[in-house]
Protein chains: 2
Amino acid sequence: MARYEQIASDLRDAIVRGDYPIGAQLPSEAELALRYSAARGTVRQAVALLAAEGLVGSRQGARRIVLGSERSQSFAELHSFAQWARSMGYRASGTVLSSRRRPCSPSEAVRLSLEPGEEVLDVLRLRRLDGEPVLVERTVYAGWIAPAVERLDPECESVTQELYESVGLVFAYGEHLIDAVAAGSEDARLLDVRRGSPLLRQRRVTTTQEGRPVECSDDRYRAGSVTFSIRNSTAANPLVRRAGD
Amino acid sequence: MARYEQIASDLRDAIVRGDYPIGAQLPSEAELALRYSAARGTVRQAVALLAAEGLVGSRQGARRIVLGSERSQSFAELHSFAQWARSMGYRASGTVLSSRRRPCSPSEAVRLSLEPGEEVLDVLRLRRLDGEPVLVERTVYAGWIAPAVERLDPECESVTQELYESVGLVFAYGEHLIDAVAAGSEDARLLDVRRGSPLLRQRRVTTTQEGRPVECSDDRYRAGSVTFSIRNSTAANPLVRRAGD
DNA sequence: AGCTCTGGCTTGTTTGTACAAGTTCGCCTA
DNA sequence: TAGGCGAACTTGTACAAACAAGCCAGAGCT
């Protein structure tokens with residue numbers, strides 16, 4: 001662990017513990033540098049990390065202030081339903097309901113950087129939290145990863161983790177589109193809600209470290225089961241609003 | 001504009017223009033430093049900006065790669081419906097349907113850092129895109145900003161901008177919770193949809209530069225009108241999934 | 001009392017240097 | 001031909017120094 005990560009971790013703990021309550025001022029960079037025997041630049045990297053997490057805010061000339069004290073999860077926990085569920089103390093389970101190969105559609109070819117007509121793997125999964133069905137996942141995997149996906153246990157808990165352990169695949173980058181849709185008849189049946197009832201939809205495309213697209217997915221959460229949370233500031237915000245399509 | 005922002009802007013333009021297509025490698029830091037006659041540290045700040053926007057990805061030892069080419073909007077455009085709409089080429093309008101003062105509830109007192117029972121301003125607004133109603137905003141303003149809000153034109157297009165111009169208020173930080181809900185009867189009537197149809201809900205709390213909460217709001221978008229988009233990576237992601245509440 | 005202004009404090013930007021750690025690719029060998 | 005090895009390249013981390021720019025409180029003035 002890098003020095004600046006240690007410092008960030010230490011400060012984060014202090015904030016979560018309540019040493020610096022919401023609204024309080026953080027020590028100045030100079031003081032922190034002295035306290036941790038580090039250069040000012042290193043301290044700045046640490047607090048930049050906390051700022052990116054939305055825990056502290058800063059303005060030129062004024063001391064940094066604490067904005068929040070909730071610890072935010074890692075990328076892995078956002079990407080992987082199972083890892084997120086586990087970290088929240090839920091028991092996650094899932095079932096593959098169907099899995100078949102087919103040629104990709106033109107729009108999928110674009111999103112997954114495939115040749116038109118190249119083969120993809122289409123998987124329908126139902127995910128549960130503590131036994132309750134909360135999520136229908138319709139995922140399209142690029143052909144080159146399909147064999148590894150097909151080898152997975154249909155009841156496999158964490159696809160992300162299994163793929164990492166079996167073929168060393170790392171999901172590194174993702175783009176997510178979030179909106180609301182009405183439950184179709186299949187959604188309704190699987191999630192045990194009425195047809196037309198509101199679902200939170202997350203469409204995503206995930207790529208490897210090298211920027212190679214792996215999968216795109218249409219995930220639908222039962223209303224009330226899951227909420228997305230974003231902290232942002234004038235400095236940095238990756239969340240954008242888009243016109244409906 | 002700082003040097004690193006200029007460099008970032010230049011690189012961003014090149015990416016958007018297609019000089020560096022998706023999947024392509026960016027020049028090395030050393031080469032960029034030479035090209036822009038800047039120190040390597042300055043170049044690193046520039047590409048860090050692009051990485052935070054999700055435009056490029058990076059791994060130690062390998063060249064940076066281009067992940068996307070869409071320009072993401074600024075915080076102001078996320079926060080302000082009107083500014084976002086304008087930047088997307090839509091015509092935004094809005095109407096205040098009701099506005100009244102009342103004592104705050106216990107939960108509001110916590111979220112807005114108020115004394116229990118302190119007065120707040122409750123505003124119901126309907127927002128339109130190109131004349132079509134797409135958003136119902138139920139906003140609660142802290143008492144200290146209420147007078148300035150009440151002075152606003154009921155048809156005021158951009159509340160954010162007006163408050164900045166009239167009292168110098170800057171919305172600097174925000175926390176957003178996103179989920180899906182069914183339209184209530186009032187929602188349905190205002191948005192011209194059927195009761196129970198899906199809406200995308202964004203609950204937010206916004207604070208000033210000093211960390212002082214200004215408003216909390218419950219915004220409901222008609223399904224299909226607006227999508228939220230997030231790019232993230234293993235390095236940084238402010239978006240988190242939360243259990244429903 | 002209320003106002004202005006200034007000086008010190010704090011964060012922001014930039015440059016330079018050095019080394020650590022991971023990737024890539026060509027060369028050499030078995 | 002397949003595999004291993006290593007050199008060159010590239011990004012990550014850390015330190016030091018200097019100046020710019022913005023904030024704030026206290027001194028001093030009206």
Side-chain angles (χ1 to χ4, degrees), chain A residues 1-11 20 23-52 55-67 168-170 172-173 207-212 233-236, chain B residues 1-11 20 23-52 55-67 168-170 172-173 207-212 233-236:
Chain A
M1 202 184 201
R3 188 90 182 85
Y4 77 92
E5 287 174 310
Q6 293 172 21
I7 297 175
S9 173
D10 196 63
L11 288 172
Y20 303 108
Q25 293 187 338
L26 236 51
S28 74
E29 294 176 0
E31 192 185 325
L32 290 174
L34 209 63
R35 179 188 308 176
Y36 291 107
S37 304
R40 193 181 149 219
T42 307
V43 171
R44 280 182 68 79
Q45 278 188 78
V47 293
L49 216 54
L50 300 185
L55 250 49
V56 305
S58 71
R59 315 135 57 197
Q60 184 172 109
R63 283 278 259 275
R64 259 173 259 267
I65 47 174
V66 178
L67 295 172
L169 181 71
V170 176
Y173 307 111
T207 70
T208 65
Q209 290 183 321
E210 295 84 23
R212 192 177 186 189
S233 72
T234 45
Chain B
M1 201 185 199
R3 188 91 182 85
Y4 77 93
E5 288 174 310
Q6 292 173 21
I7 297 175
S9 173
D10 196 63
L11 288 173
Y20 302 109
Q25 293 186 336
L26 236 51
S28 74
E29 294 176 359
E31 193 185 324
L32 289 173
L34 209 64
R35 181 188 305 177
Y36 291 107
S37 305
R40 193 183 146 219
T42 307
V43 170
R44 280 182 67 78
Q45 279 190 77
V47 293
L49 215 56
L50 300 185
L55 251 49
V56 304
S58 72
R59 316 133 56 196
Q60 182 171 113
R63 281 280 188 80
R64 259 173 260 267
I65 48 175
V66 177
L67 295 172
L169 180 70
V170 176
Y173 308 111
T207 69
T208 65
Q209 290 183 321
E210 295 85 22
R212 191 177 187 189
S233 72
T234 44

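So you know, we letter chains A, B, ... as the sequences are listed, proteins then strands, and number each from 1. Since the structure is predicted, the reported quantities are computational estimates derived from the model, not experimental observations.
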S.K.: Rounded to whole Å, please give me the gap between CD1 in B:Ile65 and P in C:dT24.
M.R.: 10 Å
S.K.: In whole angstrom, what separates B:Glu5's CD from C:dG12's C1'?
M.R.: 10 Å
S.K.: Expressed as a whole number of angstroms, how long is the span from B:Gln6:CD to C:dT13:C1'?
M.R.: 12 Å
S.K.: Could you give the CG-to-C1' distance, from B:Leu50 to D:dT11, as a whole number of Å?
M.R.: 15 Å
S.K.: Rounded to whole angstroms, how far apart are CG on B:Leu34 and C1' on D:dC9?
M.R.: 15 Å
S.K.: Report yes if at least one side-chain N or O of A:Arg3 is closer than 4.0 Å to OP1 or OP2 of C:dC19; otherwise report no.
M.R.: no
S.K.: Please report the closest heavy-atom contact between B:Arg35 and B:Pro27, naming both atoms and the distance.
M.R.: NH2-CG, 3.5 Å
S.K.: Quick check for you: among C:dT11, D:dT11, C:dT14, whose closest atom lies nearest to any side-chain atom of B:Gln60?
M.R.: D:dT11
S.K.: Mind checking if B:Ala30 touches a base, just sugar-phosphate, or nothing, with heavy atoms under 4.0 Å?
M.R.: nothing
S.K.: DNA chain D: B:Ala62 or A:Gly61, which has the more 5' nearest nucleotide?
M.R.: B:Ala62
S.K.: Taking the nucleotide of DNA chain D with the nearest heavy atom to each, does A:Gly41 or B:Ser58 sit closer to the 5' end?
M.R.: B:Ser58
S.K.: For A:Gln209 and C:dA21, what is the distance between atoms CD and P respectively, to the nearest whole Å?
M.R.: 18 Å
S.K.: Which of the following nucleotides, D:dA21, C:dT13, D:dT13, is nearest to the side chain of A:Arg44?
M.R.: C:dT13
S.K.: List the steps and the verdict of side-chain contact (heavy atoms from CB on, under 4.5 Å) for B:Val66 and B:Leu26.
M.R.: CA-CA 7 Å; B:Val66 177; B:Leu26 236 51; 3.8 Å; yes
S.K.: Round to a whole Å and report the spacing from CZ of A:Arg63 to P of D:dA25.
M.R.: 11 Å
S.K.: So which one's nearest nucleotide on DNA chain C is more toward 5', A:Glu210 or B:Ser37?
M.R.: B:Ser37
S.K.: Given C:dT23, C:dT13, D:dC24, identify the nucleotide with an atom nearest to the side chain of B:Gln45.
M.R.: C:dT13
S.K.: Report yes if a side-chain nitrogen or oxygen of B:Thr42 is closer than 4.0 Å to either non-bridging phosphate oxygen (OP1 or OP2) of C:dT13; otherwise report no.
M.R.: no
S.K.: Please test A:Thr42 against A:Tyr36 for side-chain contact (heavy atoms from CB on, under 4.5 Å), starting from the C-alpha separation and ending with a verdict.
M.R.: CA-CA 10 Å; A:Thr42 307; A:Tyr36 291 107; over 6 Å; no
S.K.: Just to verify, which of B:Leu11, B:Asp10, B:Ile7 counts as forming a side-chain contact (heavy atoms from CB on, under 4.5 Å) with B:Leu32?
M.R.: B:Leu11
S.K.: A:Arg59 or B:Ala39: which one's nearest nucleotide on DNA chain C is closer to the 5' end?
M.R.: A:Arg59
S.K.: Quick check on D:dG12: is either OP1 or OP2 less than 4.0 Å from any side-chain nitrogen or oxygen of B:Arg64?
M.R.: yes
S.K.: Starting from C1' on D:dG22, measure out to CD on A:Glu29 and report it in whole angstrom.
M.R.: 14 Å
S.K.: Using a cut-off of less than 4.0 Å, is there contact between a side-chain N or O of B:Arg40 and OP1 or OP2 of C:dT15?
M.R.: no
S.K.: Which heavy atom of B:Gly211 sits nearest to which heavy atom of A:Ile65, and what is that distance?
M.R.: N-CD1, 3.5 Å
